[in-house]
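Comments concern the structure below.
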Amino acid sequence: MKLDAIGDWRRTHYSIDIKPELDGQEVTLFGWVQEIRDLGGIRFIILQDREGTVQITVPRKKVSAEVLSKTNKLQKRYSIGVKGIVRKTEITPRGVEVIPKEIKIFGMASPQLPLDITGKVPAKLEARLEARALDLCREENIAIFKIQHTAVEAIRDFLFERGFIEVHTPRIIASATEGGAALFPVDYFERKAFLAQSPQLYKEQLVMSLEKVFEIGPFFRAEESHTRRHLSEFVSIDIEQAFATAEDVMQLLEQLMRHVCKVVSEKCRKELALLNYELKIPEIPFKRLTYDMVLEDLKRREVEIPWGEDIPTPAFRTLGKTHPYFYFITDWPTRSKAFYIKPREDNPELCEGFDLMWSWIELASGGTRISSKELLIKRLKEKGLNPESFKYHLQAFDYGMPPHAGWAIGLERLTMMLTGKRNIREVTLYPRDKFRLTP
RNA sequence: GCCCUGGUAGUAUAGUCCGGUCUAGUAUAGGCGGCUGUCGCCCGCCCGACCCGGGUUCAAAUCCCGGCCAGGGCGCCA
């Protein structure tokens, strides 16, 4: 079939803008065929665009032969343009329909789709991810990613307003000696390089010049992790601030969380309703539990964790039952946190690192950083890392490193919290994990 | 990487325990035909599947072994 050209047609309205007040007016709509209900003498076409749907009504005897022959050819997911007249009606749920005067077909689709886009027969996540481009056309997914977009917009606004400068640090790095998470190796001309797992060291260096920075971007972890909250490629929202402590950035973080929840619940009413999810706006300040309090709390529930150990997932789940919403965990043992987290001056066994939890899931983590070169070297050695591998980073400490603090939020985990989705793959456009590299 | 559960038409499921009744059921999607107010439209007809490899057996969707993949959990995750 010969496809139509867009020509001089331009969209005048999105589907949701078609309201009874436009009765009698001519509109141009672009979108996709979601459903066709053909009753013989009358035919209903549900046109979908990213804002919603609107009904195109085709009474066989009242439209032109050209329109009739075009609608004869239509199938689900065809990309089309409709020029027609809005009609107020009592019969359709939204109170409007559009009677087409002219139809253009821009793109065709296989008759047998790999997924049921109307949601009558829900597909499993695997089948959905295999046909992700189509899956993302479903209203539920459009809602998820609009919510994510709204959250990112709110975060940027919030940070810009407070004087943070948005930066971009390298994704390709030279050294795999930062310890901890496994890195993905890449070929870099004749040398070996790695994909960055975090902007940590770079953002710390930037507080010497730009003072308050943030970065939103993807990072990579080559972990074996196979859970519903881990990805090999994820988006991190990182901030770092000069002349600040953990407490300062915790306050910033809780204010930000409240702001994001507020903006999303106001701007994404329709999307949240579609997802059937009620987003609560949290009160601040958030609860602050110390590591010791958490251990005691768990002990009372017969979960014993030796002091100094990290808290295992099942223990976090137990904790999440008592604290179902946001809370901080502070005063972690120094040895359980990264080398750059500052030990407490009054008790170096404890540190100024914190985690922001949402129920049992770690949403963000941060802390006051070490600003003394000497101490940083000591901590590197204690962690079994070679200071020589950090020479460029350590060099920064010779040029006036200010006291500083920061945190990082996992965007996908934040989106899980905002949408109520329980698998991180659902809130990632094209998820990457140990087993999935395509599409 | 380990443990548990699973893999049946495009999609989602029944059947698997206890092998033969399975020529593999149902819904939805798809094809054809009919229908002027549908909105999970309806009605009729049709098409379409046992993850891969090996084994046991007269006989395997069903039992056994290996592989791959998926879901959940664990570990790992500076």
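Sequence lines set the chain letters: A, B, ... in the order given, protein chains first and strands last, and positions in each chain run from 1.
Map A:A127 and A:Y340 each onto its nearest nucleotide of RNA chain B; the residue landing nearer the 5' end is A:A127. For the pair A:R436 and A:K383, both in contact range of RNA chain B, the more 5′-proximal nearest nucleotide belongs to A:R436.
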Checklist line | From CA spacing to verdict: side-chain hydrogen bond (donor to acceptor under 3.5 Å, both in side chains), A:T71, A:R43 | finding: CA-CA 9 Å; A:T71 61; A:R43 185 177 282 167; 2.7 Å; yes

Notebook entry, point to check: Can you check side-chain hydrogen bond (donor to acceptor under 3.5 Å, both in side chains) on A:W332 and A:D310, steps first, answer last?
Noted result: CA-CA 9 Å; A:W332 287 81; A:D310 223 328; over 6 Å; no

Item checked: Base-contact (B) and sugar-phosphate-only (S) positions in nucleotides 27-43 of chain B, heavy-atom cut-off under 4.0 Å, - elsewhere -> -SBSS---BBBBBBB--

Item checked: Nucleic acid footprint by protein, nucleotides 47-52 of chain B - heavy-atom cut-off 4.0 Å, B for base, S for sugar-phosphate alone -> ------

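Regarding A:E412, its CD atom lies at a distance of 15 Å from the C1' atom of B:C77, rounded to whole Å. The CZ-P distance, from A:F435 to B:G7, rounds to 19 Å in whole Å. Between the NZ atom of A:K124 and the C1' atom of B:U5 there is a distance of 12 Å, rounded to whole Å. If you measure from atom NE2 of A:H226 to atom P of B:C2, you get 13 Å, rounded to the nearest angstrom. A:H230 has its NE2 atom 10 Å from the P atom of B:G75, to the nearest Å. Going from atom CG of A:D433 over to atom P of B:G72 covers 10 Å, rounded to whole Å. In this structure, A:R132 atom CZ and B:U11 atom P are separated by 17 Å, rounded to whole Å. As a whole-Å value, the separation of A:I424 CD1 from B:A70 P is 17 Å.
B:A24 and B:C76 have their C1' atoms separated by 44 Å, given to the nearest Å. Taking the P atom of each, B:G66 and B:C3 are spaced 11 Å apart, rounded to whole Å. For B:C52 and B:G6, the C1' atoms lie 16 Å apart once the distance is rounded to whole Å. B:U36 sits 41 Å from B:C22 when the P atoms are compared, rounded to a whole Å. For B:A59 and B:C69, the P atoms lie 32 Å apart once the distance is rounded to whole Å. Taking the P atoms as reference points, B:G48 lies 16 Å from B:G31, given to the whole Å. With both ends at atom P, the span from B:C4 to B:U56 equals 27 Å, rounded to whole Å. Nucleotides B:C42 and B:C18, compared at atom C1', are 42 Å apart to the nearest Å.
Look at A:E140 and A:K421 and you find a salt bridge, because one of the NZ, NE, NH1 or NH2 atoms lies within 4.0 Å of a carboxylate O, short of that distance. A salt bridge between A:E426 and A:R138 is absent, with no side-chain N of the basic residue lying under 4.0 Å from a carboxylate O of the acidic one. Salt-bridge annotation for A:E215 and A:K203: absent, with no side-chain N of the basic residue lying under 4.0 Å from a carboxylate O of the acidic one. A:R436 has a carboxylate O that lies under 4.0 Å from a charged side-chain N of A:E130, or vice versa, which qualifies the two as a salt bridge. Salt-bridge formation is detected for the pair A:R288/A:E254: a Lys NZ or Arg NE/NH1/NH2 atom is positioned less than 4.0 Å from an Asp or Glu carboxylate oxygen. In this structure, A:E352 does not pair ionically with A:K337, as no charged nitrogen and carboxylate oxygen lie closer than 4.0 Å. Using a 4.0 Å cut-off between charged side-chain N and carboxylate O, A:R379 and A:E382 make a salt bridge. Salt bridge A:D135/A:R128: present, at least one basic N to carboxylate O contact under 4.0 Å.
Annotation: side-chain hydrogen bond (donor to acceptor under 3.5 Å, both in side chains) contacts of A:E309 (sequence neighbours excluded): none. Shown here are the ring-ring contact (aromatic ring centres under 6.0 Å, His included) partners of A:Y399, two or more places apart in sequence or in another chain: there are none.
Within residues 313-328 of chain A, the residues that place at least one heavy atom under 4.0 Å from RNA chain B are, in residue-number order, A:T313, A:P314, A:R317.
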Margin query: What does the 5'-to-3' dot-bracket notation of RNA chain B look like when only Watson-Crick and G-U wobble pairs under 3.5 Å count, and pairs to other strands show as |?
Written below: (((((((..((((......[....)))).(((((.......)))))....(((((..]....))))))))))))....

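A donor-acceptor pair is defined here as one N or O able to donate and one able to accept, closer than 3.5 Å; such a pair exists between the side chain of A:T334 and the backbone of A:P348. Checked by atom type and distance alone, the side chain of A:D17 pairs as donor or acceptor with a backbone atom of A:Y14 at under 3.5 Å.
Using bins of under 30°, 30° to 60° and over 60° for the plane-to-plane angle, the ring pair A:H393/A:F397 lands in the perpendicular bin.
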